[in-house]
Every structure is written in C-alpha cells, then in structure tokens.
Chemist: 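Dropping the structure in here first, questions after.
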Amino acid sequence: MRFSQSLIPTLREAPANAEIPSHVLLLRAGLIRQLGSGLFTWLPLGVNVLQKVERVVREELTKRGAYEILMPFVQPAELWKESERWQVMGPELLRLADRHDNEYCLSPTHEEVVTDLFRNNVSSYRQLPCNLFQINTKFRDEIRPRFGVLRSREFIMKDGYSFHLDEETFDATYQAMYDAYAAILTRLDLDFRAVEADPGLIGDGDSHEFHVLANTGEDALAFSQDGDYAANVERAEAITEELRPDSKKDLTKLATPGVTSIESLVDFLEIDIVSTVKTIIVEGKDSPIALVLRGDHELNELKAARLPNVVQPLRFATEEQVLDAVGCKLGSIGPVGLEIPVYVDRAAGVLADFYCGSNETGFHLSGVNWDRDVSCDNNVDIRRVQEGDPAPDGSGPLSIVRGIEVGHIFQLGTKYSRSMQASVQDANGVNVFPLMGCYGIGITRLAAAIVEQRHDEIGIDWPTEASPATLHVLSLNAERSELVRTTSNQIYSDCMNAGIDVLYDDRPERPGVKFADADLIGIPHRVVVGERALNEGKVEYRYRRGETSLVEPSDIVRRLNA
RNA sequence: CGGAGUGUAGCUCAGUUUGGCAGAGCGCUGCCUUCGGGAGGCAGAGGCCGCCGGUUCAAAUCCGGCCACUCCGACCA
C-alpha cells in the first residue's frame, strides 16, 4: 500500500467530539471517519485491520467445525413476529417498510433467520450437530451511541449458531467455541478474561462473556486473585461468611432532623456505616417491595429483578408510591413495621444492633435487631460484589477490573427452535426441537478494544495479527536521492512479492512528518531508508519501539519471515 | 427520554457579552530557502458563520422555532 495513493488522512490534533483513546487514535491515524452518530466509514488502513481480525476469527472457527454463511441484513417482520421478538424488542430494533408497505427490520442479530434456514433445510438428526456462522453488518438503534466504534449503532459482528440433538454435543460445541474465542484473543495478543455472565433476555442456560481488559471498559468484572473464579459483577454472587452476633441494645427512636441519606446519618450520629442498613422500595406486581442492604453496599439491579413479584425490568418506586406504601419520605425508610414484602440482603441480615429509618420523616431507629424487632425471613443475595469480598467458590478475595465485552456465548435452549417450529426427526422417528447455542464476537468492537488496550502517548501499538500492515517503510528525502528512491522501491516490491503487507510511505514529506505518522499508526516493523545508512549500504530496521539496527536492504524479507 | 454543552475554512478554535468589511494557527496549492523527529519566507485557494423565520438601516452576534453532534443518566447481543 502506497501512502501517497491511499487515503490515510492523519490528524495532528484530536477531533473535538472524540473522547476515549480508541476513538481519538482511530481518527487521528486515519483508519476511520465518522458519518453520523454511531455511524462510521472505515478507510483503507481500517479495513485492513478489520480483515485481519476477521481472518483470525474465521481460522479459529473453521478449524473447530463451524461453517460460514451470509444472511440478509434486512429481514421480514414475519419471522420476528413468529419468535415474538417483534413485540418484545423496543425501539433498538429499527423497523421499516418497503414500497409495498411490507414490514422489515434491520437485523441486530440473526436467530430468526438462521432458525428459518435450518427448519427449511434440515430435517434429520443425521445432519446434526450443525454449527454456522457469518460475519455481517448489524444495526442496533442504541439509545445513546458513544465511545466511537466501541458502541456504535451500525457495526460488524461475527455471529454463530449451533443446533444439537442432545446436551453432550451441545456442551462439546459450546466448549469448542469457548476455546475458539480464547484462541482468537490470544492470537491478537490481548489481556482478556472469560467470565460467567448474565444471559439477559436471550436464553437461560450457561453464558460466558469475553472481555478485553481496559480502564475505559463499560463492564466491571470480578475475579479471584488466587483461583479460577471470574464473573461479571452483575452476575457475581455475594456471599457472607460472618454470623449474626447477639443483640445488646434496645430499640430506640432517634430524632434525626434533615437526615435523608446514609452518609448524613453516619455523620450526624458519628457511627460506622457498616452498622447501618438502607431500604429501597421498588415496584412489585401486587404491591411495592422493600429491599434492605447494608449502608455501604450497592444494589445489584439484575439480582433484584429476579426476585418473585418484582416487576421486570426493575423500577424504583416514585416518591408518591413510597409515601403511599410506607408513610414517609424517601430518606427515612426502614424495614421495621413495613406492611409490604421485605427482602433482606445476606450482608444486612447478619447485622445486630443496627441503625435504619423509622418510616417516619425526621426519625431513625437504633439498636434494631432481626427477628426481635423485624422479621428476616427473606434473606437473599441482591448486592453488587465489592473489591475484597470473598469469592463464592472460596478461592480467595475478589479483585474488580474493568473490561470491554467483545464476545458472548450463550445457550439458547429450545427457545427459537420451539417458537419457530424447527424440529428434526430423531433416530426413533420422533420430532424433537434441537438445542441451540449462540456465539457472538464483535469485529469492529474488537478493533477498537485492541486500540483501547494497546496504545501510548505517541500512538497505537498493533498486535501483529491485527496490524494494518506488517511493515512500514519510510523513505526519507527520496526526491533528492536516486539511491533512496531505488532502494525503497526495491524493498517495497520484494515484500509484495514475498506476500508481506507493507505500508510504503513514499510521500514527499519531511522526515519528521513521516516519523510522527509512523508512531501514530503503530505498525510493528519499521524500515527507514535514508542516505545516512545507505552510505554504508544499509537501512535501519526497528521493531516497534525497540532498538534500531542496521541491516542489508536485501535482508528485510528474510528477517520478517523468520 | 431527562440533564448539560457545542455548532464559524479540511482540523483545532477566536469573534457573539456591547449588532457595523469573515478571523488565527495547523493543513492545502505555487515559488524560494531548508533537509533524519510535525522547518522558514513570499504569494494564493478555501466560508449558506448548522437550518428556517423574526427584529433592525444593518445579524455570525439579538429573539423564536427546528436540526445535528458530544458528554452525564436511564438502555445494551
């Protein structure tokens, strides 16, 4: 690729509307341009990266028995109505009509279409298991696109779907896909974690997410430093090892004028926050429902939403609903005397002599004890785990890091095969609904996640397998030197003939400009062709930011292939 | 959708408070000098000041409406 003839519009300054490193650097290094909110054009260098990432993904999947297909991006509404997702999904599903007024959607994912394909073409258990994938554009009308290509509306994803007659073959494929994802991220030289995940609304079985670790990640991951436990904090179980001590104090009502938060209660009474509980009222199917947490803990909304009779998705009660159900304002709620269902988090349930709201505005209670003063029958896990909490499998304290979710694998069970009547005949001639698995990995998101994890103050640091090129050749002042010109042209054509990807900076720019752009773009191998070294018959070779060495021009290809 | 902010040259941004010739730096074109880490000089090109309407002798600037983009929140295979 000749720099001068390609379209590589590098920028000296960061565009004003880019905030995070991957967005800034992909723009500055000339890999992408933004068209609109959540919509991006990929320029030549960017397309190279996508193709490299796709190649790694394809190789790891096909060697594990998955076959590539390509399904339509625009899909008829009928299929989505069959699975009922037309009704269930909100405005993130972009719907449109054609000239005949028929309804369609832009596909965010392809379960319906692949299941339809399967039922129309597979009818015997002899054809199972079947594992298909595609790499295709997706569209999700995100409420708020952000973080550049990390959360865009239109994006490229590899999505795969497998069909199975029994658990055994399903488990084997699930494990193979798990291994494929780990292999992909390993080849891309990324620091990543596979974690237990919440399957969301898609399925109900096992689910794992693959996260690239980065400070800008949207997800928090909990993992034990010593053991194998790793989970999304949304999913991580919070266990409590302490036992409840005996009560020592009497229940006492305290006047606490103006105290409406745990922080102000702690300050006002000069007490330990760990001796307090907070009570949160959420909407329930029959009546509001109270959730009790230790003062320093945070509610895990996914856990709370799974409690019986809690509405899904979780909604906090309004001030009016609280006044109606409890009889006080938001800052004075407590579990004692409530006539609505009360769920107590495990950690709150082991407290004795604690402080809480009195359900009377302006007053709190001290010396409160479970069983004696208020029932603690519904002891549940509803809090977010914190740094230092014990891992639920006993493997030591948890650390919490941030990650970018690049892959997600699910067990779909028979949800789609059943709702779309995609049955096959088993060996006994009985029609059965196959088990399905679903495996996604974001191509464009992965490209951004790489930059997010691998950059420094001067630019990107591409892993070899995702780099827009293997080698960056800079010819310095070629217009003044016949020798520089012919040598760099020779290196370029030698590499092309040897199948090595080269970005050849043949522009008539000053050396400083070329060096700065090379640092920014971040291709791992660099060869500088200039008069200085050519006087000794050599060119300068450097691996990323390592030491420079002088090598024979004719030796470049051999070195890169070594 | 709620809250905050920004829209002026390809990019970064002044100018808007107090209405009066459309600006700077970088980038781009040409010439000269320089020539291994974003050079210097000279001469240029480049604008629907987001859009529509209003006020005014006069609007980038004031008023009304709309749109786009960014950030915070709710949402998220």
Side-chain angles (χ1 to χ4, degrees), chain A residues 7 9-20 23-24 27-28 30 33-39 85 88-93 107-112 136 138-148 150-153 155-161 197-203 207-210 218-219 232 234 301-302 305 312-316 404-410 412 437-443 445 458-459 474-481 484 505 507-520 526 528-535 539-540 542 545 548:
Chain A
L7 180 59
T10 58
L11 298 170
R12 188 177 295 212
E13 291 174 283
N17 60 7
E19 296 270 326
I20 62 164
H23 193 190
V24 170
L27 284 165
R28 286 192 55 212
R33 281 296 179 267
Q34 182 161 355
L35 178 65
S37 183
L39 303 171
R85 286 210 292 182
V88 170
M89 288 190 78
E92 67 273 15
L93 182 67
S107 173
T109 174
H110 278 69
E111 281 84 0
E112 282 79 2
N136 204 350
K138 302 276 182 273
F139 191 91
R140 253 176 234 182
D141 199 356
E142 295 280 353
I143 295 177
R144 180 151 91 83
R146 60 180 117 182
F147 305 137
L150 273 182
R151 180 166 297 285
S152 53
R153 294 193 293 177
F155 56 99
I156 299 170
M157 181 168 108
K158 185 288 299 187
D159 50 328
Y161 307 88
D198 188 283
L201 299 174
I202 292 257
S207 167
H208 288 88
E209 289 170 351
F210 289 78
E218 291 187 85
D219 289 278
N232 195 308
E234 289 176 343
E301 298 188 19
L302 281 172
Q312 263 190 323
L314 190 79
R315 273 200 308 273
F316 293 101
I404 298 163
E405 180 191 348
V406 293
H408 201 158
I409 58 179
F410 304 84
L412 295 176
C438 166
Y439 320 95
I441 190 163
I443 304 295
R445 179 178 281 191
I458 60 172
L474 318 196
S475 74
L476 303 189
N477 300 315
E479 58 286 351
R480 279 207 327 271
S481 162
V484 168
D505 193 345
R507 296 174 298 171
E509 288 287 350
R510 299 169 59 82
V513 172
K514 295 191 173 194
F515 285 124
D517 278 345
D519 290 339
L520 185 59
R526 182 186 301 183
V528 176
V529 183
E531 278 187 311
R532 195 187 281 174
L534 276 180
N535 288 336
V539 295
E540 295 157 41
R542 188 157 76 127
R545 278 137 218 172
T548 298

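Residue numbers begin at 1 in each chain, while the letters A, B, ... track the order of the sequences.
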Chemist: How would you list, by chain and number, every residue that makes a side-chain hydrogen bond (donor to acceptor under 3.5 Å, both in side chains) with N136(A), sequence neighbours excluded?
Modeler: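 Checked N136(A) against side-chain hydrogen bond (donor to acceptor under 3.5 Å, both in side chains); matches are Q134(A).
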Chemist: Taking the side chain from K514(A) and the backbone from S475(A), do they hold a donor-acceptor pair closer than 3.5 Å?
Modeler: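 Indeed, once roles are kept as given, a pair shorter than 3.5 Å links the two residues.
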Chemist: Base, sugar-phosphate alone, or nothing: which one does A18(A) contact when heavy atoms must sit under 4.0 Å apart?
Modeler: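 Result for A18(A) = nothing.
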Chemist: Any side-chain N or O of S37(A) under 4.0 Å from OP1/OP2 of U70(B)?
Modeler: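 For S37(A), the contact criterion (side-chain N or O under 4.0 Å from OP1 or OP2 of U70(B)) is met.
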Chemist: Could you grab the distance from atom OG1 of T548(A) to atom CZ of R526(A), nearest 0.5 Å is fine?
Modeler: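 Taking OG1 in T548(A) and CZ in R526(A), the distance rounds to 8.5 Å.
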Chemist: Could you check whether R28(A) gets within reach of a base, just the sugar-phosphate, or nothing at all, counting any heavy atom under 4.0 Å?
Modeler: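 Touches a base.
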Chemist: Please give, in whole Å, the distance from G10(B) C1' to L35(A) CG?
Modeler: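 Computing the L35(A):CG to G10(B):C1' distance gives 16 Å.
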Chemist: For U56(B), which nucleotide is its Watson-Crick or G-U wobble mate, given both distances must be under 3.5 Å?
Modeler: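 Because no pair has both required distances under 3.5 Å, U56(B) counts as unpaired.
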Chemist: List the residues meeting side-chain hydrogen bond (donor to acceptor under 3.5 Å, both in side chains) with E92(A), not counting sequence neighbours, and say none if there are none.
Modeler: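 side-chain hydrogen bond (donor to acceptor under 3.5 Å, both in side chains) list for E92(A), sorted by chain: empty.
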Chemist: Mind listing the N/O atom pairs, protein and nucleotides 2-8 of chain B, below 3.5 Å?
Modeler:
none

Chemist: Counting Watson-Crick and G-U wobble pairs only, both distances under 3.5 Å, name the nucleotide matched with A14(B), or none.
Modeler: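 Answer to the pairing question: none, since A14(B) forms no Watson-Crick or G-U pair.
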Chemist: Who is the Watson-Crick or G-U wobble partner of A43(B), with both distances under 3.5 Å?
Modeler: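 Answer to the pairing question: U29(B), which forms a Watson-Crick or G-U pair with A43(B).
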Chemist: Check nucleotides 32-36 of chain B for protein N or O atoms closer than 3.5 Å to its own N or O atoms and list the pairs.
Modeler:
unit_1, atom_1, unit_2, atom_2, d
U34(B), O2, R510(A), NH1, 2.9
C35(B), O2', R480(A), NH1, 3.3
C35(B), O2', R480(A), NH2, 2.9
C35(B), N1, R480(A), NH1, 3.4
C35(B), O2, N477(A), OD1, 3.4
C35(B), O2, R480(A), NH1, 3.0
C35(B), N3, R480(A), NH1, 3.0
G36(B), O2', R532(A), NH2, 2.4
G36(B), O6, R532(A), N, 3.3
G36(B), O6, E540(A), OE2, 3.4
G36(B), N1, E540(A), OE1, 3.4
G36(B), N1, E540(A), OE2, 2.4
G36(B), N2, E540(A), OE1, 2.4
G36(B), N2, E540(A), OE2, 3.1

Chemist: For G73(B), give its Watson-Crick or G-U wobble partner with both distances under 3.5 Å, or none.
Modeler: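 Result: C1(B).
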Chemist: Nearest-Å distance, CG (L150(A)) to P (C76(B))?
Modeler: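 That distance rounds to 18 Å.
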Chemist: Taking only residues two or more places apart in sequence, or in another chain, which ones meet E479(A) in a salt bridge (Lys or Arg N to Asp or Glu O under 4.0 Å)?
Modeler: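 Not a single residue meets the salt bridge (Lys or Arg N to Asp or Glu O under 4.0 Å) criterion with E479(A).
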Chemist: Which base, if any, makes a Watson-Crick or G-U wobble pair with C35(B), both distances under 3.5 Å?
Modeler: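 No nucleotide pairs with C35(B).
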Chemist: Please classify the nucleic acid contact of R507(A) as base, sugar-phosphate, or nothing, using heavy-atom distances under 4.0 Å.
Modeler: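 Counting heavy atoms under 4.0 Å across all strands, no contact is made by R507(A).
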Chemist: Are R12(A) and G27(B) close enough that a side-chain N or O sits under 4.0 Å from OP1 or OP2?
Modeler: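 The answer is yes; a side-chain N or O of R12(A) sits under 4.0 Å from OP1 or OP2.
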Chemist: Is the backbone of L11(A) close enough, under 3.5 Å, to the side chain of R28(A) for a donor and an acceptor to pair up by distance?
Modeler: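 Side chain of R28(A) to backbone of L11(A): a pair is present.
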Chemist: Rounded to the nearest angstrom, tell me the gap between atom CD1 in I143(A) and atom P in U70(B).
Modeler: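 Nearest whole value for this atom pair: 15 Å.
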Chemist: According to the Watson-Crick and G-U wobble definitions, with both distances under 3.5 Å, which nucleotide is paired to A68(B)?
Modeler: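 With both distances under 3.5 Å, A68(B) matches U6(B).
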Chemist: Given that H23(A) and E92(A) both sit by RNA chain B, which one's nearest nucleotide is further toward the 5' end?
Modeler: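 Here H23(A) is the residue nearer the 5' end.
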Chemist: Ignoring the backbone of F147(A), work out which of C72(B), G25(B), G38(B) is nearest its side chain.
Modeler: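 Shortest atom-to-atom distance from the side chain points to C72(B).
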Chemist: Assign D517(A) to base, sugar-phosphate, or nothing according to its heavy-atom contacts below 4.0 angstrom with the strands shown.
Modeler: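 Touches a base.
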Chemist: I'd like to check the salt bridge (Lys or Arg N to Asp or Glu O under 4.0 Å) partners of E112(A); sequence neighbours left out, ordered by chain and number.
Modeler: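 Partners of E112(A) under the salt bridge (Lys or Arg N to Asp or Glu O under 4.0 Å) test: R85(A).
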Chemist: Taking any heavy-atom pair under 4.0 Å as a contact, classify A16(A): base, sugar-phosphate, or nothing.
Modeler: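 If one applies the 4.0 Å heavy-atom cut-off, A16(A) turns out to touch the sugar-phosphate alone, with no base involved.
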Chemist: How would you label the contact of E405(A) with the nucleic acid (heavy atoms, under 4.0 Å): base, sugar-phosphate, or nothing?
Modeler: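 Touches nothing.
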